[in-house]
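Shown next, in structure tokens, is the structure this report addresses.
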Amino acid sequence: MTNSQPSGFDRLSRPVRQWIWQQKWQSLRDVQEKAIPAILTGGDVVISARTAAGKTEAAFLPLLSRLEAKETSADGFALLYVSPLKALINDQHRRLESLCECCDVLLTKWHGDVSSNVKARARKRPSGIVLITPESLEALLVRRGGEVSHLFSNLEAVIIDELHAFIGTERGMQMQSILNRIEVATGRDRIDRIGLSATLGDMRLAAEALRPGDGEAVTLVEGNDPGNGVRLQVRGYLLERPTVPPKADAPEEPESDNDIPKEDEFSRSLLPKAMSDDLFRLTRGKRNLLFAGSRVNVEVCADRLRNMCDDERLPQEFFAHHGSLSKAIREDVETRLRDDPRPTTAVATTTLELGIDIGDVDAVAQIGPGSSVASLRQRIGRSGRRTGHPATLRMFVAVPPFDRGGHPLDRLRLDLVQAIAMVECLIANWCEPPIKAGLHLPTLIHQTLALILQYGGVLPAQAFKLLCIRGPFRNVDRELFADLLRCMASDSCRLIEQSGNGVLMIGSGGEEITESHDFYPVFTTEQEYRIVHETRTLGTYPLNSPLAPGETIIFSGRRWRIVDIDDRARVIAVKPTRTGKPPHFSGRGGAIHDCVVDTMRAVLCSSDAYQYLDQQATRQLDEARESFGELQLDRKSVIGHGQGVLLFPWVGTRKLETLTLALIAKQFKASSYHHSIELSDCSVNGVLETLEEIADAPAPDGVVLAGNLAQPALAKFDSFLSPELMCRVTATERIDAESLPEIARDLLEP
DNA sequence: GACCTGCTGCGGCGTG
């Protein structure tokens with residue numbers, strides 16, 4: 001090949017090239033070739049590619065070459081790598097060790113599990129690369145504010161791994177704010193940021209997340225790894241009974257006297273037998289990830305598949321993996337997936353979605369439609385990495401039995417339709433964007449406290465400029481920030497106080513909060529019991545899900561009896577047993593995007609056939625379309641049902657909740673359920689009249705509407721917001737009053 | 001109708 005341009009490889013420094021030779025690589029990967037010139041040039045860069053496409057090296061090979069060229073031996077860290085997971089830091093440390101040795105660059109892990117003397121040593125003689133979490137970085141800024149400029153003045157670049165995991169979250173706001181604070185403290189206008197991200201529908205979102213306010217200037221490097229293709233299937237199953245709960249006044253079903261024990265009956269209602277039979281048949285003997293959707297489903301599913309394994313006298317190959325299981329149990333599963341050739345299926349929640357190194361799997365399965373297209377995309381990328389093996393994802397969806405007289409929501413098979421809509425959005429290369437309007441006031445409270453601690457005090461105008469003008473809190477104007485400061489200083493909070501010369505200081509209430517190590521993360525966790533068998537901790541269980549000694553529970557895919565509960569020590573002791581009830585975890589539903597629900601309507605309206613549906617799912621979709629026509633939902637979106645009315649606005653969760661609120665404000669008994677709103681004791685005409693009023697009136701004030709909504713303290717610092725500020729947060733982030741007239745108009749003329 | 005993530009400094013104790 002003749003090429004006047006030097007290849008990426010030729011432009012790397014000598015030690016880096018030597019390391020590549022040692023690895024016996026035949027060539028650089030596509031994403032690495034593209035990233036090298038972009039990073040050598042300087043400036044902000046987003047590198048996006050599938051997990052394990054070599055993004056880490058794509059960033060570090062040219063960055064280490066830049067360090068080599070610099071040849072200054074000034075004090076301070078040269079590269080800062082920020083990761084959302086400790087486990088990922090440990091993985092990356094393993095991966096980068098030999099490369100850094102080759103380049104004679106110090107590599108330091110820095111997170112909560114790293115001993116404090118390692119950190120002390122690094123602080124004393126800062127150099128090379130630090131791998132750190134946002135929380136540890138926050139702690140460093142807050143506790144060692146005076147050292148920040150010394151530690152970071154010679155930073156060549158900051159690398160942010162799993163950038164997509166930070167986008168649109170409170171933790172992402174904190175991270176952006178911390179990076180901004182480092183730039184300000186070191187007097188550097190911009191320190192190059194390199195974001196590593198999974199492929200997203202719209203890469204500009206990642207660019208904007210990397211450099212808020214100037215995403216346009218970020219260079220995008222997209223890995224053009226053709227992969228080995230994708231095999232995708234949606235499989236239909238039948239539930240044993242309808243899903244819409246019967247009305248309170250409906251006659252109770254007679255006790256069934258078959259011999260299924262009650263606990264198995266509940267398990268069967270979550271996971272039909274035909275589905276577990278197929279899951280077993282299709283996953284057995286291979287390496288799989290099975291995303292079950294919730295921790296309860298993980299337990300029920302792992303328990304069922306493990307029992308099938310035992311019944312057939314096969315060695316066990318099914319293992320549960322979720323956030324309430326102990327670190328040791330989870331690591332065993334991860335290690336087995338990565339290093340053990342035996343067949344293994346990890347039944348997991350989203351825990352195995354991010355980039356923890358588990359090697360390649362043969363296939364991915366998912367139960368139910370899932371709640372986002374973004375995670376569907378991530379999951380597919382977990383398989384099909386070896387040449388000749390396409391990525392394989394099977395979605396297993398159960399719908400209620402078909403009954404013409406049944407509830408319309410059951411007749412429409414909405415879970416199946418949603419699964420199809422998700423796949424169609426994925427094929428169209430669309431994926432959920434973050435909500436732009438967020439105020440992120442709780443995190444702004446946190447960052448204001450952190451800033452005061454970092455500098456030992458700060459003037460209100462300085463804080464505003466640093467956090468809201470230069471920093472990421474750009475939806476907060478001067479007036480709102482002043483309100484927030486007043487709220488923080490109020491008698492009920494005393495988070496801050498102001499000295500005679502106007503400097504903001506930590507108040508008595510603030511001291512208590514900021515002195516605890518609990519201060520650094522911006523998210524909360526509920527209090528929990530530890531579940532212990534003999535000396536081994538199996539995991540944790542929420543305090544507010546009562547259990548009693550003698551009860552049974554499925555946990556870690558096994559069945560246990562509770563022997564003892566120590567409320568003071570928060571320990572639940574268990575021993576193995578033969579039966580078990582599914583555990584109970586609390587969760588708040590996820591929000592589904594407008595685009596997905598709109599696509600659901602399109603799927604129901606059209607007569608397109610989808611190649612990826614199995615026979616049963618195809619038939620179920622036909623039945624759903626038939627019901628859609630019979631209910632005349634192709635022509636109208638407001639239909640009578642029983643003593644009430646059903647509304648189908650075909651909008652996402654946020655707008656659906658907003659309309660429900662607006663109708664409650666107009667004295668309707670309204671509740672949203674499964675993409676629709678059910679109104680009881682009213683007539684179609686009455687509802688149509690009200691919708692006309694809403695359509696013709698100007699959009700109501702979101703703050704007034706939000707006043708009718710329960711405002712539970714969800715984010716960590718919500719409890720410090722005044723009712724007025726809390727209402728504003730709800731109005732901006734949780735509802736969408738602006739769009740109400742339009743939703744009402746669309747309901748009247750679909 | 002859901003999931004996940006993270007943590008300092010210091011005092012006290014045991015061990016080599």
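In what follows, chains are A, B, ... by sequence order, proteins preceding strands, each numbered from 1.
If you check dC4(B), dG6(B), dG1(B) against the side chain of E135(A), the one that comes closest is dG6(B). The side chain of T133(A) lies closest to dG6(B) when the candidates are dG6(B), dT8(B), dC4(B). If you check dG1(B), dG6(B), dC3(B) against the side chain of F523(A), the one that comes closest is dG6(B).
Between R171(A) and E135(A) a salt bridge is recorded (basic side-chain N to carboxylate O distance below 4.0 Å). In summary, R570(A) and E528(A) do not engage in a salt bridge, as defined by a charged side-chain N under 4.0 Å from a carboxylate O.
Whole-Å rounding puts the K716(A) NZ to dT5(B) P distance at 16 Å. For the pair N90(A) CG and dG6(B) P, the interatomic distance rounds to 10 Å; values are reported in whole Å. Rounded to an integer number of Å, the gap from CG of D113(A) to P of dT5(B) is 13 Å. Rounded to whole Å, atom P of dC3(B) lies 18 Å from atom CG of L289(A). What separates CG of D415(A) from P of dA2(B) is a distance of 12 Å, to the nearest Å. One can place CG of L352(A) at 12 Å from C1' of dC4(B), the figure rounded to the nearest angstrom. Spacing between atom CD of E162(A) and atom P of dT5(B) amounts to 13 Å, rounded to whole angstrom units. Distance, K119(A) NZ to dG6(B) P: 13 Å, rounded to whole Å.
Nearest-nucleotide positions on DNA chain B for L140(A) and P84(A) put P84(A) closer to the 5' end. In terms of position on DNA chain B, the residue among P369(A) and F519(A) whose nearest nucleotide sits closer to the 5' end is P369(A).
Ring stacking is absent between Y520(A) and dT8(B), as the pair misses the limits of under 5.5 Å between centres and under 30 degrees between planes.
The salt bridge (charged side-chain N to carboxylate O under 4.0 Å, His left out) pairs that include a residue from residues 650-663 of chain A are D594(A)-K655(A), where partners are two or more places apart or lie in different chains.
No more than 12 heavy-atom neighbours from other residues, nucleotides or ligands sit within 6.0 angstrom of CZ on R125(A). The 12-atom threshold is exceeded at CD of E511(A), counting heavy atoms of other residues, nucleotides or ligands nearer than 6.0 Å.
R330(A) comes within 4.0 angstrom of sugar-phosphate atoms only, judged by non-hydrogen atoms across all strands, and of no base. If you check every strand for non-hydrogen atoms under 4.0 Å, H322(A) touches sugar and phosphate atoms only. E657(A) comes within 4.0 angstrom of no nucleic acid atom, judged by non-hydrogen atoms across all strands. If you check every strand for non-hydrogen atoms under 4.0 Å, S136(A) touches sugar and phosphate atoms only. Residue contacts for G370(A): at a heavy-atom cut-off of 4.0 Å it reaches no nucleic acid atom on any strand shown.
For T660(A), the side chain to side chain contact (heavy atoms under 4.5 Å, CB included) partners are I664(A), A670(A), S672(A), I677(A), not counting sequence neighbours. Residues meeting the ring-ring contact (aromatic ring centres under 6.0 Å, His included) test with F166(A), sequence neighbours left out: none. With sequence neighbours excluded, the residues that form a ring-ring contact (aromatic ring centres under 6.0 Å, His included) with W430(A) are H593(A). Qualifying ring-ring contact (aromatic ring centres under 6.0 Å, His included) partners for Y81(A), counting only residues two or more places apart in sequence or in other chains: none. In this structure, H321(A) has no ring-ring contact (aromatic ring centres under 6.0 Å, His included) partners at least two apart in sequence or on a different chain. Take S116(A) and apply the side chain to side chain contact (heavy atoms under 4.5 Å, CB included) test, not counting sequence neighbours, and it matches no residue.
Close to dC3(B), at under 4.0 Å from its OP1 or OP2, lies no side-chain N or O of R171(A). Dashed line: the shortest gap from a side-chain N or O of T525(A) to OP1 or OP2 of dG6(B) is not under 4.0 Å. Using a 4.0 Å cut-off, no side-chain N or O of K86(A) falls inside it from OP1 or OP2 of dT5(B).
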Scan nucleotides 14-16 of chain B against the protein and return all N/O pairs shorter than 3.5 Å with their distances rounded to 0.1 Å.
none

I'd like a table of atom pairs between the protein and nucleotides 9-12 of chain B - only N or O on both sides, under 3.5 Å - with the distance next to each one.
residue: dG9(B); atom: OP1; partner: R144(A); partner atom: NE; Å: 3.3
residue: dG9(B); atom: OP1; partner: R144(A); partner atom: NH2; Å: 2.8

